[in-house]
2 protein chains.
Amino acid sequence: MQDVARLAGVHPSTASRSLAESPVRISAATVARVRAAARDLGYRPNASAAALRTGSSRLIGVLVHRLTDLALSTMYAGVDAAATAAGYSAVVANGLDDPAVRHERVDALLARGIDGVILADARLDDTVAERLERLGVPYVLAMRTLPGHASVSTNDVEGGRLAARHLLELGHRTAAVAAGDALTSTGRDRTAGFRQAFADAGLPIPDRYVASTGFGVAAGHRAGELICRQGPAPSAVFAVDDLTAVGVIGALRDAGRTVGTDVALVGYNDVELAAELPVPLTSVRSDRDQMGRLAMQLLLDRIAGRPVPSTLLPPLLVPRASTLGASVPGASPPA
Amino acid sequence: MQDVARLAGVHPSTASRSLAESPVRISAATVARVRAAARDLGYRPNASAAALRTGSSRLIGVLVHRLTDLALSTMYAGVDAAATAAGYSAVVANGLDDPAVRHERVDALLARGIDGVILADARLDDTVAERLERLGVPYVLAMRTLPGHASVSTNDVEGGRLAARHLLELGHRTAAVAAGDALTSTGRDRTAGFRQAFADAGLPIPDRYVASTGFGVAAGHRAGELICRQGPAPSAVFAVDDLTAVGVIGALRDAGRTVGTDVALVGYNDVELAAELPVPLTSVRSDRDQMGRLAMQLLLDRIAGRPVPSTLLPPLLVPRASTLGASVPGASPPA
DNA sequence: CGACCCCGATCCACCGCCTCG
DNA sequence: TCGAGGCGGTGGATCGGGGTC
C-alpha cells in the first residue's frame, strides 16, 4: 500500500480509499492513478490486516458430513461460485456426522474469524445450529432443514410423494425404502412423503420395509440386504439418495434380483451418473447448484443483518428405465 | 487476551507466551493459571491478528479442477484430515480446467496470505506451478504430476500396465481407451502404460481407439460413442477414471453392447461405487486418502524449508465381473 | 473584499497479537 | 515478567485551497 501510494504520489489512506469498491470523496483522476499504480505493482491487499481492522474476514465456513457425497459436492460448487463472486472464500469442514467432531470443526472455523456458516450437515439430534445462534454467528442451513432455522432445501416431502406416485401409477402396490439417516430431514422427509402417498392410496408401507441405514454406497448396500431379508419381496424400492441407490443395486444384484427388470428402483438427487448406469436410474432431481448459490445469498443477507426466509426448491421426477422397464407382478400395466 | 491476562493476574504478553505451544521463560504455575483463565473465558485467539503479526495464516489452498470428481473429493478428505491435525485449514478452489479461472483463484488464495498450495489440477499446458515457484510460494502437486515439480501421485504408468496385463491375460487382443484429458499426467500416463503393455505383447493399439475426451461421466459417454464408431469393435475398454468408465457404460449400453458380457471394461481409482454397479467394475485402485495426507505432509515440509521428494504410490488391480465375466471373441479362455 | 463552504486529500489512532529488549 | 512497538490496512477527524455570495 505504501508503495502504491508512493508511486501514485498520494497518501496511503487516499490509496486505500481509491482501491475501495466505490471510492468516496476522491477525485476520479486520483482513483485512476492509484488503481494504475496498484496494477503495475501487482498490489494485493493483505487480507489479514483488513480483517483485523474491519472485523470481517470475508471467509465463510461450510460444514458438510462428507464432501465425497456427490449431492453435497455439487451443492458446494454452487456455494463456491456465489462466494467467489461476492469476494468471499469458503472453508469446507467435514463433520463426519460425529457431534464431537462437528463442534471441534466449528471451533476451528470460529477461531478463523469466519463471517458466517453454511450448515449442510444439520441433524435433528444436535446442537451446532443452536450454538451458532447463541453465539450470534450468522448461518444458514442448506440441503437439510431444522425447525426454527432458516434453510435452503428441496421440498423433500413432495419429492418423496413424486417418487411414490410414479410407482403407484406404474401399478406397484408394495415398496420398500432405503431411508437414509432418520435423524436428518432429508432422510425423514423424503421417506415420510413417500410413505404418505402409499398410505393415501390405501397401501401403507410396514416399518420393516423401511431401512434407515444411513447415506452412501455402503449404507445403501446394507439397506438393500435388510430389505431382501423381508418377505414377501416388494416390487419397488425407493432410495432417498442416488449413491444409496447404487448400494441398493449392488445388494439386489447379490440377492439375484435385477433392477429395472424384476425390481423397480427410484433414487433421489439425479446425480450425473444416474443416467449412465447400465439400467438408467429413475431419480427425483434436486437443483443443487441453485441450492448452493441461494444458501450463499441468504447467508450474505444474514451477515448484512437482513432477515432471511427459508426456501424450498421444487423437486422434479425424472423417469428412466429402472422403473419404466420393471414388470409389476400381479398388476396390469398402466394405460 | 487482555481479559485472560487480567483474570490470571498477569501481563498480556505473559498470557500470550503462556498460550504458545511451548511456553518459554514462564513458570509452569503461571502457564497453568493463564490456560485455565483462557479456558474459563472461552478465549479464542484472533487468527487475523496473529496472521498479520507472524506472517503466517495457517491456511493452505487446494486447487482442484472440480470437487465433484469423486477421486478428488476422497483425496481432499485426506488433505483435510492431515491439515486439521496440523492446525491448518484448507481453502478449496475449483479451477474448472480454465487457465484464466485458475490464475484468478490463485490470486484470491495469495491475497488471503495462504502459507502454501496443494495443486491437484496441474496441466501440462499451464503455468500455475511455475508462477508459484517464481513467487516463492510453497506448493506440492497431488494426483497429477509435472516434470520438475514435487508431487504425490499414483504410479499411473504402472497402473495402466496393470489394467492391460489383466486384459491380455484374459485373452483380449484389441482394446480401446477412454483416455481422459491428454494434457494431464493422469490421462497421459495411464494411457501410455496401457498402450505400452499392449504394444509389448505385439498388439499395438491404433490411435483411433484412443479417445481423449476428458474426465467425468459426460466425457466418458462421449468417449464411448467415439469408440463405438470405430470398427472393428474392440473386445475391451480401459477408462482412465471410474466416473469416466460409468459414462462409457452408458454409451456402450446405448450402442446395444453390455459391459461384462460382450465388452470388458476396466476403470481407474476404484471409487466406492465401482463394486456396487450391476456388473461390478474392475478397477485400478489408488490410495487417495494416503495421497492427500502425504501431500499435506510434504507441503508442511516445504513450508518449513525442507526439500521434498516426489512420491509415487503403488496402484493395485481389483478384478471384478466387468472383465471376468466378459467373453473374448476368437480367443480361448485363460487356463 | 472578506466570510463561508465544500470537496479532495491527509493525518493518525487503532484492530489484537507477538516478540525483542 | 513487563513494556512497547509494529505488522498493514481502514476510516473518522482534520486540514487546506479554491470557488461563491
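In what follows, every chain begins at residue 1, and chains take the letters A, B, ... in the order their sequences are listed.
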Any B:Ser16 side-chain nitrogen or oxygen under 4.0 Å from OP1 or OP2 of C:dC17: no
A:Ser27, nearest nucleotide to its side chain (from D:dT10, D:dG3, C:dA9): C:dA9
Length of the CZ-P vector between B:Arg6 and C:dG16, whole Å: 13 Å
Sugar-phosphate, base or nothing in reach of B:Pro12, heavy atoms under 4.0 Å: nothing
Rounded distance in Å - CD1 (A:Ile26) to C1' (C:dC6): 15 Å
Under 4.0 angstrom between A:Tyr43 side-chain N/O and D:dG9 OP1 or OP2: yes
Any side-chain heavy-atom pair of B:Val92 and B:Val64 under 4.5 Å: yes
A:Asp156 versus A:Met143, closest heavy-atom pair with distance: OD2-O, 4.1 Å
Between A:Ser56 and A:Thr54: side-chain donor-acceptor atoms closer than 3.5 Å: no
Distance, rounded to the nearest Å, where B:Asp3 contributes CG and C:dC15 contributes P: 13 Å
With 3.5 Å as the limit, what N/O pairs link the protein to nucleotides 14-19 of chain D?
| from | atom 1 | to | atom 2 | distance (Å) |
| --- | --- | --- | --- | --- |
| D:dT14 | O4 | A:Arg25 | NH1 | 3.4 |

Phosphate contact (C:dC17 OP1 or OP2) by B:Ser13 side-chain N/O below 4.0 Å: no
Residues within residues 46-61 of chain B bordering DNA chain D, heavy-atom distance below 4.0 Å: B:Leu52, B:Arg53
Side chain A:Asn269, main chain A:Ser286, donor-acceptor under 3.5 Å: no
A:His11 vs C:dC11: side-chain N/O to OP1/OP2 distance below 4.0 Å: yes
Under-4.0 Å salt bridge between A:Asp80 and B:Arg105: yes
Nearest heavy-atom neighbours spanning B:Leu19 and B:Val34: CD1-CG1, 3.6 Å
Reported NE2-to-CD distance for the pair B:His11 and B:Gln2, which is rounded to 0.5 angstrom: 8.0 Å
Ion pair check, A:Arg131 and A:Asp107, cut-off under 4.0 Å: yes
A:Tyr88 side chain reached by A:Asp115 side chain, heavy atoms, under 4.5 Å: yes
Candidate nucleotides D:dG3, D:dG9, D:dG12, ranked by approach to the side chain of A:Arg17 - the nearest: D:dG12
Side-chain N or O of A:Thr14 closer than 4.0 Å to phosphate OP1/OP2 of C:dT10: yes
